[in-house]
Amino acid sequence: MSSNPVAETVASLLPGARAELAELVAFRSVADFDRFPRSESEAAANWIADALRAEDFQDVALLDTPDGTQSVYGYLPGPDGARTVLLYAHYDVQPPLDEAAWTTPPFELTERDGRWYGRGSADCKGAVVMHLLALRALKANGGVPVHVKVIVEGSEEQGTGGLERYAEQHPELLTADTVVIGDAGNFRLGLPTVTTSLRGMTMMRVRIDTLEGNLHSGQFGGAAPDALSALIRVLDSLRAEDGSTTVDGLTDDTRWDGLHYDEAQFRQDAKVLDGVGLLGSGSVADRIWARPAVTVLGIDCPPVVGATPSIQASARAVLGLRVPPGVDAAEATKLLQAHLEDHTPWGAWVSTEHIGEGQPFSADTTSPAYAAMADAMAVAYPGQDMQYAGQGGSIPLCNTLASLYPQAEMLLIGLSEPEAQIHAIDESVSPEELERLSVAEALFLRNYAAG
């Protein structure tokens, strides 16, 4: 990185940032309070509130959101007449999955092979530290030239919508000229990237019933309708022969116009086994950023161990459907529900339960904030031009903020590049990426104030 005072300050602060990230990662802040203690999330929220107070933020508050979780808010005033920038992150994390499968404990930040490992290190506790580093670097080099609002969500991974509903009820709280969402990531480690589109998501449970109770397969098999087999047929109807998603009425032929995603690189990033084909048609970018994708997230059925020769009377599954920009998530929900009902065989009883929804998002890349960020990225990543990419995941808050504040510019950056393995075992963050993006954010705030 070319030498400049902001970059030098961030580099000097990095050891302390590692210690702070270790403290944050240690909180088991999964917002599923049936399985993880609420006290862990509350402790993480209080840690962030204390960190904001230490940086002279005003009006620091723990916001009790309608889903029973807490978001952390703070306001740092800038010069009179300055623009206002909202910085976003979330402190809740995905469950660690099989803790025994981690190379090192998931809630203990561990350095290995030049990366820092731990649940939430990249998604998204690292972004909390990134925001703090950027602000500290500016304070050490002439001051923060904009008004800054920080909001750190407590239930983003659960998709329960607490912060979205709170923002709708208190629309004045998060008003800003520009919003920087720290929950995305570079397309490739070391390649500066702003995410310009997000797929939305709808989640649904489906249940199929065929009998009053399980039956002996020897006595009744061949004529008695099997609910598990019926469910398998329904789930299979959601994909074409090539694996493309086929929800009746949902378009599956849109194209992605931006950054190309090499198929061999995707196979490596996704760790696809040798000889296993990719799903769908079109380019990889088409498939993961511009088209719908259905995933079977779970099935209730007898486990292999202990299974008996029985015909199943009932079976359930939970589905996730990602929907691209240009598709209304509520309409996609209706289409998915109708598809499941229409494709249930043998007159079986089918019921569906809608359990979550978020709209897709598409940014305006012609706004002044994008020019300010491009200039900042060019300094933080010498020799690299800022790239525009999509992201297959969902951040429902983006659409809420876009609808509440239609004039606000919105940029998505973050630490979740492919090697980070977010949501998976052995999640990690690159300290070099943390350093560069902290510099980029600091320089962005300076550029944006001067623009």
Side-chain angles (χ1 to χ4, degrees), residues 32 157-161 198-215 217 221 223-254 278-282 286-304 307 310-360 392-394 396 399 423:
D32 178 354
E157 298 291 7
Q158 296 299 310
T160 44
L198 299 167
R199 288 191 296 194
M201 181 178 67
T202 185
M203 293 181 65
M204 187 170 292
R205 292 192 186 103
V206 55
R207 173 173 174 153
I208 291 181
D209 294 279
T210 55
L211 304 164
E212 291 185 4
N214 288 1
L215 297 173
S217 62
D226 176 352
L228 183 53
S229 294
L231 177 63
I232 290 168
R233 287 205 170 199
V234 173
L235 300 181
D236 184 59
S237 74
L238 293 167
R239 289 198 179 273
E241 189 67 27
D242 68 357
S244 301
T245 292
T246 53
V247 175
D248 294 343
L250 201 57
T251 302
D252 187 43
D253 59 2
T254 31
L278 302 184
L279 302 182
S281 61
D286 292 341
R287 286 176 264 179
I288 65 172
W289 297 334
R291 295 180 181 176
V294 69
T295 303
V296 180
L297 304 176
I299 298 178
D300 281 343
C301 60
V304 172
S310 299
I311 300 170
Q312 300 301 311
S314 180
R316 293 195 311 165
V318 60
L319 306 173
L321 175 64
R322 301 285 180 172
V323 293
V327 176
D328 178 63
E331 179 61 24
T333 298
K334 294 177 184 176
L335 292 174
L336 177 60
Q337 182 178 29
H339 181 105
L340 296 171
E341 292 170 351
D342 291 346
H343 288 265
T344 299
W346 315 323
W349 294 4
V350 57
S351 60
T352 58
E353 178 188 1
H354 183 213
I355 56 175
E357 184 178 284
Q359 291 288 354
S394 305
N399 275 86
H423 293 203

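Please read all numbers here as calculations on a predicted model, not as lab measurements.
The shortest non-hydrogen separation linking D226 to S229 is OD2-OG, 2.8 Å. Across every non-hydrogen atom of P225 and W346, the tightest pair is CB-CE3, 4.5 Å. For the residue pair M204 and T352, the shortest heavy atom distance occurs at SD-CB, 3.9 Å. Nearest heavy atom pair, residue L336 against residue T202, reads CD2-CG2, 4.3 Å. In plain terms, the two heavy atoms of L231 and V206 that are nearest each other are CD1-CG1, 4.0 Å. T210 and A348 get closest at one heavy-atom pair: CG2-CB, 3.7 Å.
No side-chain heavy atom of H339 sits under 4.5 Å from any side-chain heavy atom of L250. With contacts defined as side-chain heavy-atom distances shorter than 4.5 Å, the pair V247/L238 qualifies. At least one side-chain heavy atom of L235 sits less than 4.5 Å from a side-chain heavy atom of I299. Proximity of S351 to E353: side-chain heavy atoms (C-beta onward) are nowhere separated by under 4.5 Å.
M201 pairs with exactly one of Q359, R322, E357 by the side chain to side chain contact (heavy atoms under 4.5 Å, CB included) rule, that one being R322.
Distance CG/L211 to CD/Q312: 9.5 Å, rounded to 0.5 Å. Atom CG in L319 sits 9.0 Å away from atom OG1 in T295 (nearest 0.5 Å). Interatomic distance, CG of L297 versus CZ of R205, reported as 11.0 Å (0.5 Å rounding). Rounding to the nearest 0.5 Å places CG of D286 at 10.0 Å from CD1 of I288. How far OG1 of T160 is from CD1 of I355: 12.0 Å, rounded to the nearest 0.5 Å. Distance check: T245 OG1 to L321 CG gives 7.0 Å after rounding to the nearest 0.5 Å.
With R207 contributing its side chain and R316 its backbone, the two residues share no donor-acceptor pair below 3.5 Å. Checked by atom type and distance alone, the side chain of T344 never pairs as donor or acceptor with a backbone atom of W349 at under 3.5 Å. In this structure, the side chain of H343 does not engage the main chain of P345 through any donor-acceptor pair within 3.5 Å. Judged by distance alone, the side chain of R199 and the main-chain N or O of P292 form no donor-acceptor pair under 3.5 Å. Between the side chain of N214 and the backbone N or O of A313, at least one donor-acceptor pair lies under 3.5 Å.
Heavy-atom contacts from other residues, nucleotides or ligands closer than 6.0 Å to CZ of R233 number 12 or fewer.
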